[in-house]
Amino acid sequence: MSPVPIVRFAPSPTGRIHIGNARTALLNWLYVRRRGGRFVLRFDDTDVGRSKAEYAASIEQDLAWLGVEPDDVRRQSERMAIYDAAAEKLKSAGRLYPAYETPEELDRRRKVQQALGRPPVYDRAALRLTDAERAALEAQGRKPHWRFRLDPGTVRWDDLARGESHVDCGSLSDPVLRREDGTFLYTLPSVVDDIEFGVTDVIRGEDHVTNTAVQIQLFEALGGVVPRFGHHNLLTDASGEGLSKRTGALSIASLREKGVEPLAVAALAVLVGSAEAVRPVASLDELAALVEIRHLSHGAARFDEAELDALSARTLHAMPYAAVASRLAALGIAGADAEAIWLALRGNVAKLSDVADWLPVIAGEIAPVVEDRAYLAQAAAALPEGDWDQTTWSAWTKTLKAATGRKGRELFHPLRLALTGRESGPELAALLPLIGRARALARLSAPSS
RNA sequence: GCGCCCAUCGUCUAGCGGUCCAGGACGUCGCCCUUUCACGGCGAAAACACGGGUUCGAUUCCCGUUGGGCGCGCCA
């Protein structure tokens with residue numbers, strides 16, 4: 001097998017991606033990030049009716065927001081001729097055969113089989129058609145769709161996540177590879193592309209395990225190298241319901257709009273349902289070192305959005321200035337004081353945008369809360385001269401303590417109320433130098449409120 | 001209905017026959033630190049789904065039941 005892993009994330013651009021898709025994308029991305037390798041973003045857009053360019057664009061945006069930067073982006077809609085050739089190859093090998101049933105007929109048969117307690121498997125009636133019968137159908141204007149003739153045996157593989165795995169293909173329908181109009185379903189293009197792009201590891205959700213058995217047969221029928229497969233456990237929402245059944249709420253776009261940190265989304269998306277404790281991380285590299293596909297559990301895991309908010313806040317509390325500098329600049333926080341402002345405020349924000357709430361305290365207008373004018377006048381008079389730094393607060397309050405005999409809450413709280421106008425907030429030692437002498441003096445001397 | 005996978009504290013999990021009156025993380029609660037919040041420190045409550053086996057001994061192995069996830073598409 002290639003020493004350099006090549007993985008792919010293959011969404012169909014028929015909607016926006018949600019947290020479950022992000023889990024798959026990230027698991028792939030982190031896999032090659034740690035080993036050195038390539039990540040291909042492949043849009044499985046053979047369903048022209050449902051695929052939309054704007055969805056593809058938004059998927060790329062969502063991935064970029066999470067920090068996933070593909071090495072290559074491909075579109076299946078541009079590669080039809082190649083799938084055509086593969087289909088011909090299967091046809092001449094006797095593995096692809098025409099079938100003429102209508103979707104309604106098939107649906108009816110499936111229902112009958114289910115009612116009889118039989119698995120709803122295609123009966124291969126088309127395989128028993130004589131040449132004359134086929135010609136008759138064609139003469140009526142019926143166009144065939146094309147099915148891949150499955151080997152009935154059991155397909156086995158050593159799964160990256162689940163170990164020894166097997167699927168009995170005898171209980172599967174021959175998959176339709178191509179529609180009447182010549183367009184392809186996802187199965188064949190996926191395998192053709194995996195072969196051609198040299199994909200070494202297919203990491204996807206466990207909803208694909210039976211597809212994997214079919215696709216392994218397809219890899220073999222096409223003479224391609226069968227990649228390693230890994231099927232990660234699926235996520236459910238907080239109530240235990242499968243994500244695929246719900247839409248919207250857990251989309252990456254909605255999480256971004258809520259102001260959740262991308263690193264928190266990434267961390268929870270891949271750490272939940274694994275043996276590793278969910279924790280804030282400082283980078284995707286740190287996350288990559290934590291994630292081990294083999295350590296994923298095999299049952300579905302709950303993704304709790306409430307947990308995400310807490311993780312997002314904790315991620316912010318430890319975030320170095322360099323990691324947020326450009327986003328702070330966009331909020332108007334830049335220049336010499338920007339780092340000090342961030343370090344003073346970060347422990348008190350749940351979302352990055354919360355820093356805006358504190359800006360007036362540092363550099364704008366507030367309504368000081370004044371309850372004890374005499375004490376504040378005394379405090380104003382004791383305000384140190386010269387340049388202020390982190391030590392100014394304690395020097396000042398020490399002086400005040402000696403002069404007034406106050407201590408604890410009685411000493412500090414009136415100062416906080418006057419200087420910030422609020423009951424609680426960041427440490428005043430960090431805030432005071434940012435507020436500056438002039439502003440502090442004005443607030444301490446404000447009229448009673 | 002049939003098939004595959006799973007089943008340990010509220011949640012995510014460790015556990016691969018005795019080391020488990022079950023360990024960690026998040027959450028919750030309490031205490032400490034602190035002018036407040038947050039952080040940090042210490043501590044507490046909190047779980048082996050049920051029934052049968054196998055075994056000297058089952059959380060751990062087997063079978064069944066129940067529950068859950070997924071699949072059974074001319075979706076991907």
Side-chain angles (χ1 to χ4, degrees), chain A residues 10-15 21 44-47 49-51 76 99 101-104 106-107 110 113-122 144-147 159 162 165-168 170-173 175-181 183-187 189-190 204-211 213 231 233-236 238 240-245 268 271-279 295-304 306-307 310-311 313-314 316-318 345-350 393 397 406-417 420 422-429:
Chain A
S12 63
T14 54
N21 304 313
D44 285 8
D45 54 357
T46 55
D47 186 343
R50 299 199 306 153
S51 297
Q76 293 192 324
E101 296 85 353
T102 64
E104 295 72 32
L106 292 170
D107 193 46
R110 270 192 295 268
Q113 286 172 309
Q114 290 232 22
L116 293 172
R118 302 294 308 160
V121 176
Y122 177 59
H145 54 278
W146 298 80
R147 287 189 188 261
D159 197 280
R162 319 195 317 162
S165 301
H166 62 91
V167 169
D168 172 19
S171 62
L172 265 31
S173 295
V176 176
L177 261 31
R178 192 170 205 177
R179 303 183 179 91
E180 287 80 353
D181 64 3
T183 59
F184 290 93
L185 282 98
Y186 118 104
T187 309
S190 178
R204 57 197 341 188
E206 68 178 5
D207 51 338
H208 279 285
V209 296
T210 46
N211 291 334
H231 296 89
N233 56 339
L234 265 15
L235 259 24
T236 69
E241 192 134 357
L243 245 34
S244 56
K245 291 173 186 166
L268 188 53
L271 258 20
V272 74
S274 87
E276 215 55 60
V278 172
R279 71 188 83 173
H295 291 170
L296 257 20
S297 65
H298 299 172
R302 283 168 208 250
F303 182 90
D304 189 349
E307 198 173 350
L311 183 66
R314 289 201 291 149
L316 243 19
H317 296 165
L345 300 184
R346 66 178 183 181
N348 279 76
V349 298
W393 168 256
T397 53
R406 289 174 182 243
K407 60 181 181 179
R409 185 179 172 87
E410 205 188 15
L411 173 69
F412 298 113
H413 202 56
L415 301 179
R416 169 175 292 281
L417 289 173
T420 71
R422 306 189 194 191
E423 288 284 343
S424 66
E427 268 184 67
L428 282 167

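Note: hydrogens, waters and symmetry copies are ignored here, and every other heavy atom, side chains too, is used. Values in this document were obtained by computation on a predicted structure and should not be read as measured data. Order of the sequence lines sets the chain letters (A, B, ...), proteins ahead of strands, with each chain counted from 1.
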Between [options], spot the one nearest the side chain of [X], thanks.
X: A:V272; options: B:A14, B:C12, B:G1; result: B:C12
X: A:P120; options: B:A76, B:G1, B:C37; result: B:G1
X: A:S424; options: B:C5, B:U36, B:A76; result: B:U36
X: A:D207; options: B:C12, B:U35, B:G71; result: B:G71
X: A:A277; options: B:A25, B:A38, B:G1; result: B:A25
X: A:L185; options: B:A76, B:C5, B:C70; result: B:A76
X: A:N348; options: B:C37, B:U11, B:A76; result: B:C37

Can you tell me how far [atom1] in [N] sits from the matching atom in [M], rounded to whole Å?
N: B:G64; M: B:G27; atom1: C1'; value: 36 Å
N: B:A76; M: B:G53; atom1: C1'; value: 44 Å
N: B:G43; M: B:C33; atom1: C1'; value: 15 Å
N: B:A14; M: B:C9; atom1: P; value: 12 Å
N: B:U59; M: B:G18; atom1: C1'; value: 12 Å
N: B:U11; M: B:U54; atom1: P; value: 33 Å
N: B:G10; M: B:G51; atom1: C1'; value: 26 Å

Practice prompt. Mark this stacking check for A:H208 against B:A76 as yes or no, applying ring centres under 5.5 Å and ring planes under 30°.
Written response: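 One would call A:H208 stacked on the B:A76 base.
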Worksheet item: Any side-chain N or O of A:H298 under 4.0 Å from OP1/OP2 of B:C6?
Response: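 For B:C6, OP1/OP2 do have a side-chain N/O of A:H298 under 4.0 Å.
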Worksheet item: If only side-chain N and O atoms of A:R279 are considered, is one of them under 4.0 Å from the OP1 or OP2 phosphate oxygen of B:U13?
Response: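 Result: no.
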Discussion item. Does A:R416 reach a base, just sugar-phosphate, or nothing at all? Heavy atoms under 4.0 Å.
Written reply: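 Result for A:R416 = base.
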Discussion item. For A:S274 and A:L116, find the nucleotide of RNA chain B closest to each by heavy atoms; which residue's nucleotide sits nearer the 5' end?
Written reply: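 Closest to the 5' end, via its nearest nucleotide, is A:L116.
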Item to complete: Would you mind telling me which residue lines up with the more 5' stretch of RNA chain B, A:P119 or A:E180, judged by nearest nucleotide?
Response: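 Closer to the 5' end of RNA chain B: A:P119.
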Worksheet item: To the nearest 0.5 Å, how far apart are CZ in A:R422 and CG in A:N348?
Response: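 Going from the CZ atom of A:R422 to the CG atom of A:N348 covers 10.0 Å.
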Worksheet item: Is it true that the side chains of A:T420 and A:R416 contain a donor and an acceptor less than 3.5 Å apart?
Response: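 No, no side-chain donor-acceptor contact under 3.5 Å.
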